[in-house]
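Along the sequence shown, residues carry numbers from 1.
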Amino acid sequence: MQYQLKFLLERKDIELIIMGARSGTTMEHLLIGSDTSTVINQTNRPVLIIPQSADLKKIAKVTIACDFDEGDLNAVHYLIKLGRLFDFHLEILHVSLWGHDDSREMEMKSKFVNRVRRYRYPNLSYQDISGKELPARLNRHCEENESDLLVLVHDHHSFLSRIFKGSHTGEQLKHQQIPVMVIPSRMEVK
């Protein structure tokens with residue numbers, strides 16, 4: 001599979017990789033599916049993972065979980081381009097652990113918001129979640145907010161990667177059934 005993927009990705013016209021989640025939840029497939037992990041770790045293209053039970057007739061709301069770094073900004077830029085095509089609401093969800101330096105996070109958020117404002121996307125909102133057991137909070141947030149798609153930015157050393165590698169993550173996200181898009185932090189937005 002790895003050779004085939006590398007061969008396919010040498011082509012420059014691939015915009016998005018779509019994978020089905022054969023069984024279990026989207027997050028279980030994302031976290032422990034070997035094919036999924038291989039693809040995510042080998043590509044510089046977004047990967048969309050769709051569970052069997054998902055209904056993707058219309059994507060009205062997309063939630064991206066981020067911590068306001070450069071990879072997140074590239075992902076938001078990409079999602080805004082998609083949003084202009086598909087007319088969805090983009091929710092930028094700032095995720096933080098308790099005990100982080102709030103003044104530094106406020107400064108990062110201010111810079112991030114100012115940069116995103118330059119894209120002039122009218123259908124955009126910001127939310128914050130923090131605390132312990134963040135994967136479970138994120139799951140509940142997406143359910144309560146009726147998000148049709150959850151977006152995560154992938155970087156082996158990112159803040160979100162550390163959160164999602166926690167020992168209880170699989171159990172906390174057991175009931176998540178919405179599609180998940182993983183955008184590599186090193187992706188170049190055209």
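The environment of F86 atom CZ is sparse: at most 12 non-hydrogen atoms of other residues, nucleotides or ligands sit within 6.0 angstrom.
In summary, of the residues considered (D72, T63, I64, L138), a side chain to side chain contact (heavy atoms under 4.5 Å, CB included) with L152 occurs for L138 alone. The only option from P46, P184, S185 that meets the side chain to side chain contact (heavy atoms under 4.5 Å, CB included) definition with V153 turns out to be S185.
Interatomic distance, CG of L93 versus OG of S147, reported as 8.5 Å (0.5 Å rounding). Atoms CG and CD, on L150 and E91 in that order, are 10.0 Å from each other to the nearest 0.5 Å. N123 CG to K61 NZ: the interatomic distance, rounded to the nearest 0.5 Å, is 9.5 Å. To the nearest 0.5 angstrom, Y121 atom OH is 7.5 Å from I80 atom CD1. To the nearest 0.5 Å, atoms CG (N139) and CD (E144) are separated by 9.5 Å. Annotation: the span from M181 atom CE to L16 atom CG amounts to 5.0 Å, rounded to 0.5 Å.
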Under the side chain to side chain contact (heavy atoms under 4.5 Å, CB included) criterion, do Q127 and H141 qualify, and how do the steps go? CA-CA 10 Å; Q127 296 288 325; H141 177 85; 4.2 Å; yes
Evaluation steps, side chain to side chain contact (heavy atoms under 4.5 Å, CB included), between V151 and L79: CA-CA 9 Å; V151 178; L79 291 170; 3.9 Å; yes
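Shown here are the ring pair (Phe, Tyr, Trp, His ring centres under 6.0 Å) partners of H94, two or more places apart in sequence or in another chain: F68. Judged as a side-chain hydrogen bond (donor to acceptor under 3.5 Å, both in side chains), and not counting sequence neighbours, the contacts of E70 are R115. Remark: D87 engages no residue in a side-chain hydrogen bond (donor to acceptor under 3.5 Å, both in side chains) (not counting sequence neighbours). Take K109 and apply the salt bridge (charged side-chain N to carboxylate O under 4.0 Å, His left out) test, not counting sequence neighbours, and it matches D128. By the side chain to side chain contact (heavy atoms under 4.5 Å, CB included) test, R117 pairs with V113, N114, sequence neighbours left out. Looking at residues two or more places apart in sequence or on another chain, you find a ring pair (Phe, Tyr, Trp, His ring centres under 6.0 Å) between Y119 and H77. In this structure, R84 has no salt bridge (charged side-chain N to carboxylate O under 4.0 Å, His left out) partners at least two apart in sequence or on a different chain. When the side-chain hydrogen bond (donor to acceptor under 3.5 Å, both in side chains) test is applied to S110, no partner is found at least two apart in sequence or on another chain.
The ring-ring contact (aromatic ring centres under 6.0 Å, His included) pairs that include a residue from residues 39-65 number zero, where partners must be two or more places apart or lie in different chains.
When atom types are taken as modelled, the side chain of D67 and the backbone of V95 share no donor-acceptor pair closer than 3.5 angstrom.
Among all heavy-atom pairs drawn from L48 and P179, the shortest one is CD1-CB, 4.2 Å. Closest non-hydrogen pair, F112 versus D69, comes out as CE1-O, 4.0 Å. Across every non-hydrogen atom of F88 and I59, the tightest pair is CB-O, 3.3 Å. Here the closest non-hydrogen pair linking L124 and I92 is CD1-CD1, 3.7 Å.
For the pair H154/I183, no side-chain contact is recorded, criterion being any heavy-atom separation below 4.5 Å from C-beta on. Side-chain contact check for L149 versus V180: every heavy-atom pair is 4.5 Å or farther apart.
Using modelled atom types and a 3.5 Å distance limit, the side chains of H89 and S125 yield a donor-acceptor pair.
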